[in-house]
Enquirer: 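Sharing a structure, written as structure tokens. Questions coming.
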Amino acid sequence: MHDSIAFPEKPKEPKEPIRSDFQRESEFNKKKIEYQEDLKKYEIDKMNYDISNQLKNNPTQDKPKKPEPPEKSKYTTDEEYEKAKLQHQKDLEAYKIDKFNYDISNKLKTIPTFHHLEVVYDKNNKVSPERLETYLNAGQSERGKLLKEFYLLEEKFKNDANKNK
């Protein structure tokens with residue numbers, strides 16, 4: 001079974017070094033260079049985090065809220081109330097789609113698979129050929145083998161039933 005890359009955690013912004021914390025100028029300059037490198041890494045990680053949160057099927061997204069039906073007492077005219085009812089129907093349809101996506105993504109969250117990966121990076125955010133090789137040489141999971149066997153048997157039974165008719 002291959003390992004998976006989880007959705008990124010929210011990165012922590014590095015703290016800029018303060019000159020008064022260092023006795024030597026060389027130590028301060030060294031920390032300043034490290035800070036610049038950490039800041040670049042933070043910006044990349046922050047971008048990855050933001051992108052993953054924008055994905056529609058992102059397992060970390062919030063559970064969609066069911067729209068409340070309009071109350072007639074809040075509207076001054078029947079026309080406004082009818083418009084609100086129509087809007088509620090549209091919102092309800094969007095809610096059903098979002099809820100379906102949310103439920104599916106929660107199910108996928110517990111069983112991540114290779115096709116959810118777009119790029120292969122190591123923990124230091126560097127491309128890792130060894131990690132890619134691990135994925136490419138990974139065997140099929142036990143669950144996948146059982147599913148394949150199930151569908152092959154199901155197909156065989158259908159074919160046998162059609163032959164016996």
Side-chain angles (χ1 to χ4, degrees), residues 1-16 33-71 81-165:
M1 186 129 152
H2 51 82
D3 55 3
S4 62
I5 297 175
F7 281 90
E9 294 179 14
K10 187 170 185 172
K12 295 178 183 171
E13 188 171 358
K15 294 184 181 179
E16 188 170 3
I33 291 170
E34 287 177 19
Y35 167 74
Q36 292 297 327
E37 291 171 356
D38 290 345
L39 190 61
K40 286 179 186 176
K41 184 180 181 312
Y42 165 77
E43 289 170 356
I44 292 170
D45 291 345
K46 176 90 169 79
M47 182 184 67
N48 289 337
Y49 177 78
D50 291 341
I51 289 171
S52 69
N53 280 335
Q54 290 172 2
L55 295 174
K56 194 65 179 168
N57 287 333
N58 184 356
T60 60
Q61 76 183 24
D62 294 332
K63 186 174 183 178
K65 295 178 183 168
K66 190 171 185 177
E68 296 292 325
E71 295 177 22
Y81 177 66
E82 291 301 319
K83 284 182 182 178
K85 278 176 42 177
L86 288 173
Q87 184 61 44
H88 176 260
Q89 289 297 326
K90 290 178 184 176
D91 293 345
L92 202 55
E93 290 299 318
Y95 165 76
K96 288 177 183 176
I97 293 169
D98 290 344
K99 177 81 166 85
F100 178 77
N101 287 339
Y102 175 81
D103 291 339
I104 293 294
S105 64
N106 273 343
K107 289 176 185 173
L108 289 174
K109 180 170 64 173
T110 59
I111 49 169
T113 58
F114 177 72
H115 68 273
H116 288 93
L117 305 173
E118 293 182 22
V119 291
V120 182
Y121 290 108
D122 62 11
K123 291 180 181 179
N124 297 325
N125 210 20
K126 303 279 187 212
V127 174
S128 172
E130 295 83 22
R131 192 168 168 90
L132 178 61
E133 185 177 358
T134 301
Y135 283 120
L136 294 176
N137 295 332
Q140 190 175 16
S141 70
E142 200 58 40
R143 183 177 180 177
K145 289 177 188 175
L146 291 173
L147 276 171
K148 181 179 178 182
E149 185 179 343
F150 170 78
Y151 287 117
L152 288 173
L153 286 172
E154 186 179 44
E155 189 67 30
K156 181 181 175 187
F157 289 135
K158 282 183 185 177
N159 290 339
D160 290 345
N162 288 336
K163 287 181 183 176
N164 291 336
K165 285 185 176 180

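The first residue in the sequence is number 1, and the count goes up from there.
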Enquirer: Residues in side-chain contact (heavy atoms from CB on, under 4.5 Å) with E154, at least two apart?
Expert: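 E154 satisfies side-chain contact (heavy atoms from CB on, under 4.5 Å) with F150, Y151, K158 once adjacent residues are dropped.
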Enquirer: Just grab all the side chain to side chain donor-acceptor pair (under 3.5 Å) pairs involving residues 87-96, residues at least two apart or on different chains.
Expert: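 Listed once each, the pairs are Q87-D91.
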Enquirer: For D38 and E13: C-alpha separation, side-chain torsions, deciding distance, then whether side-chain contact (heavy atoms from CB on, under 4.5 Å) applies.
Expert: CA-CA 8 Å; D38 290 345; E13 188 171 358; over 6 Å; no
Enquirer: Any side-chain heavy-atom pair from K156 and D160 closer than 4.5 angstrom?
Expert: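 Of all side-chain heavy-atom pairs linking D160 with K156, at least one is under 4.5 Å.
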Enquirer: By side chain to side chain donor-acceptor pair (under 3.5 Å), which residues pair with K46, not counting sequence neighbours?
Expert: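 By the side chain to side chain donor-acceptor pair (under 3.5 Å) rule, K46 matches D50.
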Enquirer: For K99, which residues count as a salt bridge (Lys or Arg N to Asp or Glu O under 4.0 Å) partner, sequence neighbours excluded?
Expert: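 If we apply the salt bridge (Lys or Arg N to Asp or Glu O under 4.0 Å) test to K99, skipping adjacent residues, the hits are D103.
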Enquirer: To check you understand the geometry: which heavy-atom pair defines the closest contact between Y35 and P14, and what is its length?
Expert: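 In this case the closest contact between Y35 and P14 is CE1-O, 3.6 Å.
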Enquirer: Hey, could you give me the CG/NZ distance between L153 and K148, rounded to the nearest 0.5 Å?
Expert: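 Taking CG in L153 and NZ in K148, the distance rounds to 12.0 Å.
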Enquirer: Mind checking the NZ-NZ spacing from K12 to K10? Nearest 0.5 Å is all I need.
Expert: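 That separation rounds to 11.5 Å.
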Enquirer: What residues, two or more places apart in sequence or in another chain, satisfy side-chain contact (heavy atoms from CB on, under 4.5 Å) together with A84?
Expert: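 side-chain contact (heavy atoms from CB on, under 4.5 Å) check on A84 returns P70, Y75.
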Enquirer: Go through the structure and list residues passing salt bridge (Lys or Arg N to Asp or Glu O under 4.0 Å) with K85, not counting sequence neighbours.
Expert: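 Partners of K85 under the salt bridge (Lys or Arg N to Asp or Glu O under 4.0 Å) test: E82.
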Enquirer: Not counting sequence neighbours, which residues clear salt bridge (Lys or Arg N to Asp or Glu O under 4.0 Å) with E43? List them please.
Expert: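 E43 satisfies salt bridge (Lys or Arg N to Asp or Glu O under 4.0 Å) with no other residue.
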Enquirer: For L146, what residues pass the side-chain contact (heavy atoms from CB on, under 4.5 Å) criterion, not counting sequence neighbours?
Expert: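 Testing L146 for side-chain contact (heavy atoms from CB on, under 4.5 Å), a comparison that skips the adjacent residues, returns E149.
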Enquirer: For K41, what residues pass the salt bridge (Lys or Arg N to Asp or Glu O under 4.0 Å) criterion, not counting sequence neighbours?
Expert: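 K41 satisfies salt bridge (Lys or Arg N to Asp or Glu O under 4.0 Å) with D45 once adjacent residues are dropped.
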Enquirer: With sequence neighbours excluded, what pairs up with L86 under the side-chain contact (heavy atoms from CB on, under 4.5 Å) test?
Expert: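 Not a single residue meets the side-chain contact (heavy atoms from CB on, under 4.5 Å) criterion with L86.
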